[in-house]
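Written below as structure tokens is the structure these notes are about.
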Amino acid sequence: MRVLALVPGSISDQILFFPTLGDIREAYPAAQIDVVVEPRAKPAYRVSTVVNDVFLFDFQINSSPSDWANLLGIVRDREYEAVLTLTKKWSLGLLLWLSGVPTRIGYAGTSGAVFFTHKVPAKQAQYQAYLYHDLLQGLGIPLPCSPPTLNVPQRDLDWASQQRENLGLKDTGYVLISDDLSLGGGYPAEQWQTVLADFQAKQPGLPLVCLQERSNVALVQALAKTLPGLKICTATNVGQTAAMVAGADLVLCTPSSVMQMAIALNVFTLALFDTQAAVNRQLPPLAKGEETRFVGIASDTGTLVDIPADRILQKVWGG
């Protein structure tokens, strides 16, 4: 069995697609499973052992004729038996039809659906991993959607262990704070300061670690100036980031790949969202009687920055 998946989007989107890939592997242990992703998303596959090959294609831009020809060539040359696509473009549907792949699975109601052999209803309001997993209906795989999981390379776990030792965290847990401003918006520094200062006052023995990325250097440095003892960590790849996430007692964040890593690693997570609909799509639903490990706080105004710091603290200390 040779299966290809076209998965546009960010690292977060790839992590949410991992359960779908994992269940294809479970159903077809010897399958060749390849993905086509955007260049920004390729690093996600450092923490996946399911996929054989990762090909790059920028779904966001107006690709050149040579880009389309290269993608068509990849699909044709590998003689895939099935392709799953999250894409909605008519042009990509046409490309898959021209490729000659016999089983082409995508969402009903999209402009490219006319070219699919199997059309799956797009239930957009549900948890995103479930939305992706629905595509397996086209392969006749009846498995329920498992939670996302990560496979962190040992070298990245070793790096994180050394990093924690350097930060004085060898024998203690910590709260990891992540606000990826590259995704737009972010939570204001003044409100982060209020939240984190309250953490330091109520739990002085619990270290706070801020994950510094290229997008949030100014924010992290501003927090460090006003919060004595705040520790700063800078990872250089997805595996290192995941390893630091795995060691945290709590991840406090805005929606990002770090949030999805925390969920996949089953780390307690408190995330800030602009809307309740976004909470429903990005956090796994809670089964009856299940412990609440992943909590989303949605803004009442539709704007993340309007979430009061007091509301976050009430959720933290009030359970």
Side-chain angles (χ1 to χ4, degrees), residues 1-9 11-37 41 44-45 47-55 75 78-88 92-93 96-97 99-151 260-261 263-266 277 279-294:
M1 185 72 166
R2 301 179 71 86
V3 182
L4 178 67
L6 275 61
V7 192
I11 290 174
S12 294
D13 295 301
Q14 309 308 311
I15 294 173
L16 287 161
F17 196 71
F18 282 2
T20 301
L21 294 169
D23 283 344
I24 296 173
R25 175 66 68 203
E26 184 171 343
Y28 300 99
Q32 170 80 23
I33 303 175
D34 300 337
V35 294
V36 178
V37 304
Y45 291 89
V47 291
S48 170
T49 58
V50 173
V51 168
N52 296 99
D53 289 319
V54 179
F55 301 106
V75 181
R78 297 232 163 187
E79 298 181 346
Y80 293 105
E81 297 166 65
V83 59
L84 291 75
T85 179
L86 306 183
T87 62
K88 301 177 181 180
L92 281 164
L96 296 177
W97 177 71
S99 72
V101 178
T103 300
R104 303 180 298 278
I105 306 164
Y107 293 112
T110 61
S111 59
V114 65
F115 299 108
F116 302 151
T117 60
H118 297 73
K119 305 174 184 64
V120 176
K123 302 175 183 177
Q124 299 286 356
Q126 66 179 328
Y127 176 42
Q128 199 169 332
Y130 293 173
L131 171 68
Y132 295 164
H133 197 266
D134 284 346
L135 291 174
L136 294 187
Q137 296 171 22
L139 289 175
I141 297 176
L143 297 173
C145 184
S146 303
T149 58
L150 306 182
N151 292 279
Q260 296 301 340
M261 289 180 204
I263 293 168
L265 293 165
N266 208 31
V279 175
N280 298 341
R281 289 193 301 269
Q282 296 189 50
L283 295 188
L286 193 65
K288 186 176 181 180
E290 186 179 5
E291 180 184 19
T292 303
R293 299 186 71 86
F294 317 120

Would you name the heavy atoms of [X] and [Y] that are closest together and state the gap between them?
X	Y	result
Val120	Ile105	CG2-CG2, 4.1 Å
Ala108	Ala113	CA-CB, 4.4 Å
Gln14	Ala44	CB-CB, 3.7 Å
Gln282	Ile263	O-CD1, 3.9 Å
Gly93	Phe116	CA-CE2, 4.3 Å
Leu21	Ala5	CD2-CB, 4.5 Å

Find the distance between [atom1] ([X]) and [atom2] ([Y]) and round it off to the nearest 0.5 Å.
X	Y	atom1	atom2	result
Leu131	Thr20	CG	OG1	9.0 Å
Asn280	Gln124	CG	CD	13.5 Å
Asp23	Cys145	CG	SG	7.0 Å
Thr149	Leu265	OG1	CG	9.0 Å
Phe17	Gln128	CZ	CD	11.0 Å

Sub-3.5 Å donor-acceptor pair from the side chain of Arg104 to the main-chain atoms of Thr117, do we have one?
no
Under 3.5 Å donor-acceptor, Gln260 side chain and Ile15 backbone:
no
Applying side-chain contact (heavy atoms from CB on, under 4.5 Å), run through Leu4 and Val36 and close with a yes or a no.
CA-CA 8 Å; Leu4 178 67; Val36 178; 3.8 Å; yes
Can you list the residues that meet the ring pair (Phe, Tyr, Trp, His ring centres under 6.0 Å) rule with Tyr45, with sequence neighbours excluded?
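With sequence neighbours excluded, Tyr45 shows a ring pair (Phe, Tyr, Trp, His ring centres under 6.0 Å) to Phe18, given in chain and number order.
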Flag yes if more than 12 heavy atoms outside Lys88 fall under 6.0 Å of its NZ atom; otherwise flag no.
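No - once you tally the heavy atoms of other residues, nucleotides and ligands closer than 6.0 Å, there are 12 at most.
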Count the heavy atoms belonging to other residues, nucleotides or ligands that lie under 6.0 Å from CD of Glu79, then report whether that count exceeds 12.
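Not buried by this count: 12 neighbours or fewer within 6.0 Å.
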Below 3.5 Å, can you tabulate the donor-acceptor pairs from side chains in residues 28-35 to any protein atom, sequence neighbours excluded?
{"residue": "Gln32", "atom": "NE2", "partner": "Asp34", "partner atom": "OD1", "Å": "2.7"}
{"residue": "Gln32", "atom": "NE2", "partner": "Asp34", "partner atom": "OD2", "Å": "3.4"}
{"residue": "Gln32", "atom": "NE2", "partner": "Asp53", "partner atom": "OD2", "Å": "3.3"}
{"residue": "Asp34", "atom": "OD1", "partner": "Asp53", "partner atom": "N", "Å": "3.1"}
{"residue": "Asp34", "atom": "OD2", "partner": "Arg78", "partner atom": "NH1", "Å": "3.3"}
{"residue": "Asp34", "atom": "OD2", "partner": "Tyr80", "partner atom": "OH", "Å": "2.5"}

For the pair Ser48 and Asn151, evaluate side-chain contact (heavy atoms from CB on, under 4.5 Å) and give the outcome as yes or no after the intermediate values.
CA-CA 6 Å; Ser48 170; Asn151 292 279; 5.7 Å; no
Just do the side chain to side chain donor-acceptor pair (under 3.5 Å) check on Tyr132 and Asp13 with the steps written out, would you?
CA-CA 9 Å; Tyr132 295 164; Asp13 295 301; 3.2 Å; yes
